[in-house]
Amino acid sequence: MLKKAKLANIYLALVFVILYAPIFYLVYYSFNSGGKMYDFHSFTLKWYKELFQDTRLFIIVLNTIIIALLSSAFSTIIGIFGALAVYYAKRNWEKQVLLSFNNVLIVSPDVIIGASFLIFFTILGIKLGFVSVLLAHIAFSVPIVVLMILPKLQEMSATLIDAALDLGASKWDVLTKVIFPYISPGILAGFFMALTYSLDDFAVTFFVTGNGFSTLSVEIYSMARRGISLTINALSAILFLVTVLLVIGYYFISNRNIRAAGLGARK
């Protein structure tokens, strides 16, 4: 048993090395004064200074953050009611149909989704740019939010709702004061997942962006095609740091909610 545990730990450590070694390699050479991805000369912040002096890149960062926040907010709102629709479906086949439609965007390749959105927006006459990117990000984020919230709804005891109705609560009160507080960890998880997916997405965004509008993932791809520049390393390092901070923030918020729920249950 002890031997199996050691092998499992070694395997886990190997997986983490494979996953994170390229990232740390990228970050390490973002401080290389030599300007190359090999032969480290000396420590410098030159590439970070160039990055922060690039006004166009700063606008692209703002675009990315605005798109991520707006798409996460809208997809979370839509995802809440989508999860409720699945949960309250009266027949089992109705639930399965709704879940199947929900999961189509998750299992479909990003290239197919991006091309489909491109054709769809072109047919509708929607100009490619901010609006098209926002709509696409909302569309592929909603299924993720639904899958984050649905398990919390399934965990919820029906007696909670029955008790609230028996005490004279309206359906709106049940929704806002019973259901929403109970599924809040799932809502929070869905929002953060949607935010992460939006920040990281490249394939779908690449198809639906245009009119001078760009996001970081598309811009990094364009910069990489022009040749190796350690500015890309610096930008990637900052993105990685932001992602880590988001994960840590989500972890602390989730723990605080769990502790608050535990204290509430004891009272």
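The 12-atom threshold is not exceeded at CZ of Phe16, counting heavy atoms of other residues, nucleotides or ligands nearer than 6.0 Å. Within a 6.0 Å radius of CZ in Phe180, other residues, nucleotides and ligands contribute more than 12 heavy atoms. More than 12 non-hydrogen atoms from other residues, nucleotides or ligands lie less than 6.0 angstrom from OH of Tyr48. Residue-environment remark: OH (Tyr88) exceeds the threshold of 12 foreign heavy atoms within 6.0 Å.
Ring geometry for Phe206 against Phe202 counts as tilted: the plane angle lies between 30° and 60°, on a 0 to 90° scale.
Panel note: side chain Thr209, backbone Thr205; no donor-acceptor pair is recorded below 3.5 Å. Judged by distance alone, the side chain of Thr231 and the main-chain N or O of Leu51 form no donor-acceptor pair under 3.5 Å. Of the possible donor and acceptor atoms, none in the side chain of Asn103 sits under 3.5 Å from a partner among the backbone N and O of Pro143. With hydrogens and angles disregarded, no donor-acceptor distance shorter than 3.5 Å links the side chain of Ser33 to the backbone of His41. Of the possible donor and acceptor atoms, none in the side chain of Ser141 sits under 3.5 Å from a partner among the backbone N and O of Ile138.
With contacts defined as side-chain heavy-atom distances shorter than 4.5 Å, the pair Ile183/Tyr87 does not qualify. In this structure the side chain of Phe207 never reaches within 4.5 angstrom of the side chain of Leu128, judged on heavy atoms. Taking the side chain as every heavy atom from C-beta outward, Leu26 and Phe240 never approach each other to under 4.5 Å. Leu150 has its side chain within reach of Val86: a pair of non-hydrogen atoms, C-beta onward, lies under 4.5 Å apart. Looking at Phe58 and Asp54, their side chains never come closer than 4.5 Å, going by heavy atoms from C-beta outward.
Annotation: the span from Phe192 atom CZ to Met148 atom CE amounts to 13.5 Å, rounded to 0.5 Å. Here Leu135 contributes atom CG and Leu70 contributes atom CG; the two are 11.0 Å apart, rounded to the nearest 0.5 Å. One distance of note links CD1 of Ile149 with CD1 of Ile179; it measures 12.0 Å at 0.5 Å rounding.
The side-chain contact (heavy atoms from CB on, under 4.5 Å) test with Thr76 is passed by exactly one of Ile187, Val142, Leu188: Ile187.
Taking the six-membered ring for Trp, Tyr25 and Tyr29 have ring centres closer than 6.0 Å. Checked against a 6.0 Å centroid threshold, the rings of Phe140 and Tyr197 do not count as neighbours.
Linking ILVMFWY side-chain heavy atoms closer than 4.5 Å, directly or via other members, places Val242 and Leu45 in a single hydrophobic cluster. Cluster membership check: Leu147 does not share its hydrophobic cluster with Leu105, using side-chain heavy-atom separations under 4.5 Å among Ile, Leu, Val, Met, Phe, Trp and Tyr.
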Tell me, with the steps shown, if Phe40 and Phe31 meet ring-ring contact (aromatic ring centres under 6.0 Å, His included). CA-CA 9 Å; Phe40 193 94; Phe31 300 104; 8.1 Å; no

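Side chain to side chain, Asn233 and Ser236 fail the donor-acceptor criterion of an N or O pair below 3.5 Å. Between the side chains of Ser198 and His137, a donor-acceptor pair is found at a separation under 3.5 Å.
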